[in-house]
Asker: 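I have a structure here, written as structure tokens, and I will follow up with some questions on it.
Remember, it's a predicted structure, so these values are computed and weren't measured experimentally. Side chains are part of it too, since the values below use all heavy atoms of this structure and drop only hydrogens, waters and symmetry mates.
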Amino acid sequence: MVERRPVIGVIACGRPVEGEPAQAVKQRYLEGVERFADAVPLIIPSNQSAQNAADIVARLDAVLLTGSNSNIDPRHYGSESAAQAPVDSTRDTLSTALIHAAIAAGKPVFGICRGLQEINVALGGTLRDMRGTGDAPTHHAPDDVSLDTMFGHSHPITVMADTPLAQATGGDGLEVNSVHFQTIDRLAPGLAVNATGPGDIIEAVASTATPAPVFAVQWHPEWRPQDRPHDLAFWRYVGQTARTHYQPAAAAEQTK
């Protein structure tokens, strides 16, 4: 009998193409799920109604909130500050609904970069914009460089002992690629810091009281997991956790 691979929902981001709405997911995210997590990626269009969140989650074993070229609208975490980059409010709304639906269904939620920020905001935390601060150059490269050069900007992080990140990677000091313009300001209740970077910026979080793991990193483990053992470990953790929390009832529901 062939062992069933878990199905992991990967949220897309809205990007206009020739003036028309479009949805996109970087190939590297799909490869991370399929090749390194040994799971089946299912793209979740971010422009659908948040009312569909529970139905979407019912067909999945886990949810992965990816990075994006947009910021989270400050209004979603109660700030009156003007957005300093393009925002994707539709994705913000759906991501929040998916996070709560997955937690209610006892299914894992994973976040990468923007995904970490979405999880923090959805659970009651806030963000701050990094541009114009002394921390910004450490965490993102100039806009006019190639992606290869941008993701070559790495920095060390400190991993807290006895955390999911420490257990997954086996490391207490890692070198990561963070490229982002927002960062956690107030940590949401129920989340614990798993790692910090320069300037005490939070680089990884995990839940402390949810039925299934909620785990997110600020950096980009999808970029070159074959070259970085701790990034490969991230994807293996995603796949193993999705398999561990696989719910046969959900699979049976898919066949109806």
Asker: Give the minimum heavy-atom separation between Ile99 and Ala122, together with the two atoms involved.
Answerer: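 Ile99 and Ala122 have their closest heavy atoms at CD1-CB, 3.7 Å.
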
Asker: Are the side chain of Glu34 and the backbone N or O of Glu31 linked by a donor-acceptor pair below 3.5 Å?
Answerer: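 Not confirmed, Glu34 side chain does not pair with Glu31 backbone.
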
Asker: Would you call Leu64 and Ile11 a side-chain contact if the rule is heavy atoms closer than 4.5 Å?
Answerer: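 No, too far: nothing below the 4.5 Å cut-off.
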
Asker: Is it true that the side chains of His76 and Gln117 contain a donor and an acceptor less than 3.5 Å apart?
Answerer: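 His76 vs Gln117: no donor-acceptor pair found between side chains.
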
Asker: Please confirm whether the backbone N or O of Ala212 pairs with a side-chain atom of Thr210, one donor and one acceptor, at under 3.5 Å?
Answerer: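 The answer is yes, because a donor-acceptor pair under 3.5 Å joins these two groups.
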
Asker: For a quick check under 3.5 Å, do Thr244 and Gln240 share a side-chain donor-acceptor pair by atom type?
Answerer: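 Checked: Thr244/Gln240 side chains pair up, N/O donor to acceptor below 3.5 Å.
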
Asker: Could you check Asp185, Leu127, Val205 and say which one makes a side-chain contact (heavy atoms from CB on, under 4.5 Å) with Asn120?
Answerer: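 That would be Leu127; it is the only one of Asp185, Leu127, Val205 passing the side-chain contact (heavy atoms from CB on, under 4.5 Å) with Asn120.
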
Asker: Do you know which two heavy atoms are closest between Ser68 and Cys13, and how far apart they sit?
Answerer: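 Where Ser68 meets Cys13 most closely, the heavy atoms are OG-CB, 3.5 Å.
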
Asker: For residues Ser46 and Leu94, report the shortest heavy-atom separation together with the two atoms involved.
Answerer: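 Taking every non-hydrogen atom into account, CA-CD2, 3.6 Å.
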
Asker: Treating Arg228 as the side-chain partner and Glu175 as the backbone partner, does any N or O pair qualify as donor plus acceptor under 3.5 Å?
Answerer: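 The answer is yes, because a donor-acceptor pair under 3.5 Å joins these two groups.
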
Asker: Using the rule given for salt bridge (charged side-chain N to carboxylate O under 4.0 Å, His left out), can you reason through Asp92 versus Arg114, listing the C-alpha separation, both sets of side-chain angles and the distance that settles it, and then say yes or no?
Answerer: CA-CA 10 Å; Asp92 294 345; Arg114 190 188 207 273; 2.7 Å; yes

Asker: Within the 4.5 Å heavy-atom criterion, are Phe36 and Arg236 side-chain neighbours or not?
Answerer: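 With C-beta onward as the side chain, the pair stays apart.
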
Asker: From the options Val238, Leu165, Val109, Thr163, select the one residue that forms a side-chain contact (heavy atoms from CB on, under 4.5 Å) with Phe215.
Answerer: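 Going through the options one by one, the only one that passes is Leu165.
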
Asker: Consider only side-chain N and O atoms of Asp73 and Ser89, and report whether a donor and an acceptor are under 3.5 Å apart.
Answerer: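 Result is yes, a qualifying pair exists.
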
Asker: Has the side chain of Arg59 got a donor or acceptor atom that lies under 3.5 Å from a matching backbone atom of Val7?
Answerer: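 Judged by distance alone, no pair lies under 3.5 Å.
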
Asker: On a heavy-atom basis, which atom in Thr241 and which in Pro108 lie closest, and how many Å separate them?
Answerer: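 Nearest heavy atoms, Thr241 then Pro108: CG2-CG, 3.8 Å.
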
Asker: Is Arg5 salt-bridged to Asp61, going by a charged N under 4.0 Å from an acidic O?
Answerer: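 Here Arg5 does not pair with Asp61 in a salt bridge, since their nearest N and O are not under 4.0 Å apart.
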
Asker: Search all heavy atoms of Val57 against all heavy atoms of Ala102 and return the closest pair with its distance.
Answerer: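 Result for this residue pair: CG1-CA, 3.8 Å.
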
Asker: Identify which one of Leu116, Asn177, Val176 satisfies the side-chain contact (heavy atoms from CB on, under 4.5 Å) criterion when paired with Gln218.
Answerer: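 Only one option passes, and that is Leu116.
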
Asker: When you check the side-chain N and O atoms of Asp38 and Trp235, is any donor under 3.5 Å from an acceptor?
Answerer: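 Not at all, the side chains of Asp38 and Trp235 share no donor-acceptor pair under 3.5 Å.
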
Asker: Within the distance-only criterion (no hydrogens, no angle test), does the side chain of Tyr29 pair as donor or acceptor with the backbone N or O of Gly67 below 3.5 angstrom?
Answerer: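 Pair found, side chain donor or acceptor close to backbone of Gly67.
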
